[in-house]
Amino acid sequence: DTESHHQREEQALFPRLEKAGVTGPPRVMRLEHEELRARKHRLAELLLEVEEMDFKKWSAGVIEAGDYIAESLAAHIGKEDNVLYPMAMRVFQPEEWAKVQQEFDRIGYCPFTPKAVRK
């Protein structure tokens, strides 16, 4: 369940980076979020179609979607860890990070939201 993670970045982090003049990394990450969502949606569709499809066609679709998600997510996390968040750490002042943290807490975390920030 990566959706809350994507939403935290899209709603709290990316707009603040863009306001500070950092536009490239948020643009790339948004595109990757959209493609990951599309592949996850396709995988969910395939799981509902398991009894209706030819098994070879079905399994090929599951493998393609699953491999894409696994490989792309690993690369995406690497970009976050090595580019996006280090850049944000250089750009934001501590008070801006406090605002980002509040928004992150409001949106929630995957796969769970720690009790300390639940309402």
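- From Ile63, atom CD1 reaches atom CG of Leu43 across 11.5 Å, with rounding to the nearest 0.5 Å.
- A 4.5 Å side-chain heavy-atom check between Val91 and Glu96 finds every atom pair outside the cut-off.
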Practice problem: Would you sort out whether Arg8 and His5 count as a side chain to side chain donor-acceptor pair (under 3.5 Å), showing the intermediate values? | Solution: CA-CA 5 Å; Arg8 283 194 316 276; His5 177 80; 3.0 Å; yes
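- Expressed to the nearest 0.5 Å, how far CG of Leu46 lies from NE2 of His41 amounts to 10.0 Å.
- One hydrophobic cluster, built from ILVMFWY side chains closer than 4.5 Å, holds both Phe55 and Val50.
- Taking the side chain as every heavy atom from C-beta outward, Pro26 and Thr23 never approach each other to under 4.5 Å.
- Using a 4.0 Å cut-off between charged side-chain N and carboxylate O, Arg42 and Glu45 make a salt bridge.
- For the pair Arg39 and Glu35, the salt-bridge criterion is met [side-chain N within less than 4.0 Å of a carboxylate O].
- Looking at heavy atoms from C-beta onward, Arg106 lies in side-chain contact with Glu103 at the 4.5 angstrom threshold.
- When side chains are defined from C-beta on, Met29 does not count as touching Glu10, because their heavy atoms never get closer than 4.5 Å.
- We find the CD-NE2 distance between Glu34 and His6 to be 10.5 Å, quoted to the nearest 0.5 Å.
- Here the NE2 atom belonging to His76 is positioned 13.0 Å from the CD1 atom belonging to Ile69, to the nearest 0.5 angstrom.
- When the side chains of ILVMFWY residues are joined at heavy-atom separations under 4.5 Å, either directly or via intervening members, Met89 and Val22 end up in a single hydrophobic cluster.
- Here Arg30 pairs with Glu18 in a salt bridge; the nearest charged N to carboxylate O distance falls below 4.0 Å.
- Side-chain contact between Ser72 and Leu36: present, with at least one pair of heavy atoms (C-beta onward) separated by less than 4.5 Å.
- Ring-plane geometry between Phe14 and His33 is classed as parallel, the angle between the planes falling under 30 degrees on a 0 to 90 degree scale with a further cut at 60.
- Using cut-offs of 30° and 60° on the angle between ring planes, the pair Tyr85 and Trp97 is parallel.
- Counting only heavy atoms from C-beta outward, the side chains of Trp58 and Leu47 approach each other to under 4.5 Å.
- No chain of hydrophobic side-chain contacts below 4.5 Å, direct or via other Ile, Leu, Val, Met, Phe, Trp or Tyr residues, connects Tyr68 to Val28.
- Here the closest non-hydrogen pair linking Val83 and Pro25 is CG1-CG, 4.5 Å.
- When every heavy atom of Ser4 is checked against every heavy atom of Gly108, the shortest pair comes out as CB-O, 3.8 Å.
- With contacts defined as side-chain heavy-atom distances shorter than 4.5 Å, the pair Leu13/Leu84 qualifies.
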